[in-house]
Amino acid sequence: TLQGSSNQTLEDESSVRYDNLNDIFKNIEPVPADKKLTQSLSNQEIQKEPHGKKIHYPELNKVDKAKSLEPTIKHPNWKIFSRPGSSKTDLLDEGFHLDHHAKLETGLVNLGNSCYLNTIVQCLISYGNLTDVIIYKNSTMKKLINYNSKFGSKGEVVNKYIELLEMIYKQTKMNSLKKHGKPISPMNFKISCGLKNECFNNFKQQDGQEFLQFLLDILHEDLNNYDPSLKPLPELTEKQEEQRERLPMRLAAAIEWENFFAYNLSIIAKNFMGQYASRLQCLVCNRTSTTYQTFSLLSLPIPALNKGSKDNVSIYDCLLNFLKLENLKPSDYWKCSHCKKHQPSTKKIIITRFPRNLIIHFKRFDNNLRKTNVLVTYPSKLDLNYFYYDNDKNNYQVDEWPEDLPNRDKELMFQTDKAFQYELKAVAKHQGTLTGGHYTSIVKKNDGNWKLFDDEKIKKVSGENGYINKDAYILFYSLMINE
């Protein structure tokens, strides 16, 4: 059994019933036909076309219109794909969507090339639905620690992270009484990370993105409150895979998410993890094959600059580049399950679930560790409605949502004024090279001001757009939830 299990009686999310899927579209703002998104959205402009008044949803690439997606046949029994039953209740529903923004504003001591760790901690602090739970729901949080997880740190990392945040919180309150604040040493936290991953068991330069991924993974495992009595899900048979392929993607994605969430019940999974579909399509017979992948950090390649056009790209350019239809090289052709041989094929990434906390990493280093310093512009308010696959309503419509399948996107939309609008919380910057660089962070604090955290030093960032920086490496966005 898990340590610190609770006897509280809470309503399991799987018991919620949804009768009308059309409600989900009430909160998605359609795109007027007399407007179209530019391929380069560096200035977040929408170009107007003189004619056309009809309202429609933006079309996606041709691969998304594969015949296997069209709901022209009756759905097979979706329950063959569903998660196994569990008696475990979801403790994360106990008012954990806090956003009190606990005031944590204290510098961290550089222990020797540990600026990557200090930067990631300062950025993660900006997420109220994690930090506020640690500060204000401390005893409940500690009950969720899974000391028996085979993949965690036996609670060592999460306990040291909680301890570090408590120290920062207390020191911040003390600093408010003094003119000059005292920085906190994250030594115990760093040691706990090094004991779990030897990459961080030294005082060498490390990649901030790799440390962030490690930390989210280990916090998830340390807080994973799933039911250990659940048996592993068997792999789908070839026939079941074909059945799943004929389901509308929205339904198949929801089923795969429930399968994932049954074994990954943590505050990290609930707030930081999203999902995308990777779809292969044979260009000879049009057969498709789709896999569903969860992510807690979205790594976006930076597209090449067009000569003579501009000296920067936008985050929208990066997203369009990441989601574009890819014609595979002959050496990468997919072996079509219908043709029984490698055929000319395409690959397409489709985001099927946006997380509450969206972390975007710009892939500035190539395989030879060479860095690109191209300026990537990004807004303080990021609108991702255009990139949500369900905007193409005609091709992902589910005629009748299974009443015992949770509709988590719908739950999320009811908490927002406009679905999938994000607010920038923090920026992790990287200057220099991978082996000789320095990390700092720009974080939005309680008073609405942006502050630069450079290890022990803290200073206010000047300028209305001071959060935009050419050294931006990782962006920390939060879904704009109604209070």
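Residue F261 comes nearest to A269 through the heavy atom pair CE1-CB, 4.2 Å, listed as atom of the first residue, atom of the second, then distance. Residues A262 and Y226 approach most closely at O-CB, 3.6 Å, considering heavy atoms. Scanning all heavy atoms of the two residues, the minimum distance from W334 to S345 falls at N-OG, 2.9 Å. Scanning all heavy atoms of the two residues, the minimum distance from L108 to I168 falls at CD2-CD1, 3.9 Å. Across all their heavy atoms, D332 and L328 have their closest contact at O-CD1, 3.4 Å. The minimum heavy-atom distance between V427 and A472, with the atom names listed, is CG1-CB, 3.8 Å.
Using a 30° and 60° split on the angle between ring planes, Y161 and F189 fall in the tilted class, from 30° to 60°. Ring-plane geometry between Y473 and F365 is classed as perpendicular, the angle between the planes exceeding 60 degrees on a 0 to 90 degree scale with a lower cut at 30. The aromatic rings of F200 and F211 stand perpendicular to each other, their planes meeting at an angle above 60°, with 30° marking the opposite boundary. Between Y467 and Y378, the angle of the ring planes lies from 30° to 60°, which puts this pair in the tilted group.
A salt bridge links E423 with K444: at least one charged nitrogen is closer than 4.0 Å to a carboxylate oxygen. Taking the charged nitrogens against the carboxylate oxygens, E326 and K348 have no contact shorter than 4.0 Å, which rules out a salt bridge. Note on E221 versus K150: no salt bridge recorded, every NZ/NE/NH1/NH2 to OD/OE distance being 4.0 Å or above.
Between the side chains of T352 and Q275, at least one donor-acceptor pair of N or O atoms lies under 3.5 Å. N138 and E166 share a donor-acceptor pair across their side chains, judged by distance under 3.5 Å alone. No side-chain donor-acceptor contact under 3.5 Å links D222 and N146. For the residue pair T290 / R279, a side-chain donor-acceptor distance below 3.5 Å is found, with atom types taken as modelled.
Without hydrogens or angle criteria, K445 side chain to L104 main chain gives a donor-acceptor distance under 3.5 Å. Under the 3.5 Å distance criterion, the side-chain polar atoms of Q213 are left unmatched by any main-chain donor or acceptor of E210. In terms of modelled atom types and a separation under 3.5 Å, the side chain of T131 and the main chain of I125 share a donor-acceptor contact. Judged by distance alone, with hydrogens and angles left aside, the side-chain atoms of S441 form no donor-acceptor pair with the main-chain N or O of V443 at under 3.5 Å. Judged by distance alone, with hydrogens and angles left aside, the side-chain atoms of K196 form a donor-acceptor pair with the main-chain N or O of G152 at under 3.5 Å. With hydrogens and angles disregarded, a donor-acceptor distance shorter than 3.5 Å links the side chain of N159 to the backbone of G155. Under a 3.5 Å cut-off, the side chain of N224 and the backbone N or O of Y263 do form a donor-acceptor pair. At distances below 3.5 Å, at least one donor-acceptor pair connects side-chain atoms of N264 with backbone N or O atoms of F260. D317 places a side-chain N or O within 3.5 Å of a backbone atom of S314 that can act as its donor or acceptor partner. Under a 3.5 Å cut-off, the side chain of R287 and the backbone N or O of Q281 do not form any donor-acceptor pair.
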Checking S278 against Q293 for the side chain to side chain donor-acceptor pair (under 3.5 Å) test, could you report, in this order, the C-alpha distance in whole Å, the side-chain angles of both residues, the deciding distance, and whether it holds?
CA-CA 8 Å; S278 178; Q293 181 68 45; over 6 Å; no
Please determine whether side chain to side chain contact (heavy atoms under 4.5 Å, CB included) holds for the pair L323 and L320, giving the CA-CA distance in whole Å, both sets of side-chain angles, and the decisive distance to 0.1 Å.
CA-CA 5 Å; L323 299 172; L320 287 167; over 6 Å; no
Please walk me through it: do I267 and V133 pass side chain to side chain contact (heavy atoms under 4.5 Å, CB included)?
CA-CA 9 Å; I267 194 171; V133 174; 3.8 Å; yes
With side chain to side chain contact (heavy atoms under 4.5 Å, CB included) as the test, would you mind laying out the steps for D311 and L375 before giving the verdict?
CA-CA 7 Å; D311 58 0; L375 170 63; 5.8 Å; no
Intermediate values then yes/no, side chain to side chain contact (heavy atoms under 4.5 Å, CB included), L358 and F272:
CA-CA 7 Å; L358 177 63; F272 288 85; over 6 Å; no
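N469 CG to T377 OG1: the interatomic distance, rounded to the nearest 0.5 Å, is 12.5 Å. The CG atom of L424 sits 8.5 Å away from atom OG of S126, with the distance rounded to the nearest 0.5 Å. Here the SG-CD distance, from C115 to Q206, works out to 10.5 Å after rounding to the nearest 0.5 Å. Note that the CG atom of N321 and the CD1 atom of I349 stand 12.0 Å from one another [nearest 0.5 Å]. Atom CZ of F387 and atom CZ of F420 lie 13.5 Å apart (nearest 0.5 Å). To the nearest 0.5 angstrom, K425 atom NZ is 9.0 Å from W450 atom CH2.
Side chains of I302 and V376 form a contact here, defined as non-hydrogen atoms less than 4.5 Å apart. In this structure, I474 and I360 have side chains that are not in contact, with every pair of non-hydrogen atoms separated by 4.5 Å or more. A heavy-atom distance below 4.5 Å is found between the side chains of L298 and F322. Two residues are said to be in side-chain contact when any heavy atoms from C-beta on lie closer than 4.5 Å; Y422 and M480 fail this criterion. Side-chain contact between Y477 and K381 is absent, with no heavy-atom pair separated by less than 4.5 Å. Counting only heavy atoms from C-beta outward, the side chains of T440 and D471 never approach each other to under 4.5 Å. No side-chain heavy atom of L219 sits under 4.5 Å from any side-chain heavy atom of F214. Using a 4.5 Å heavy-atom cutoff, the side chains of T346 and C282 are not in contact.
No option in R364, Q209, K371 other than K371 meets the side chain to side chain donor-acceptor pair (under 3.5 Å) test with H430.
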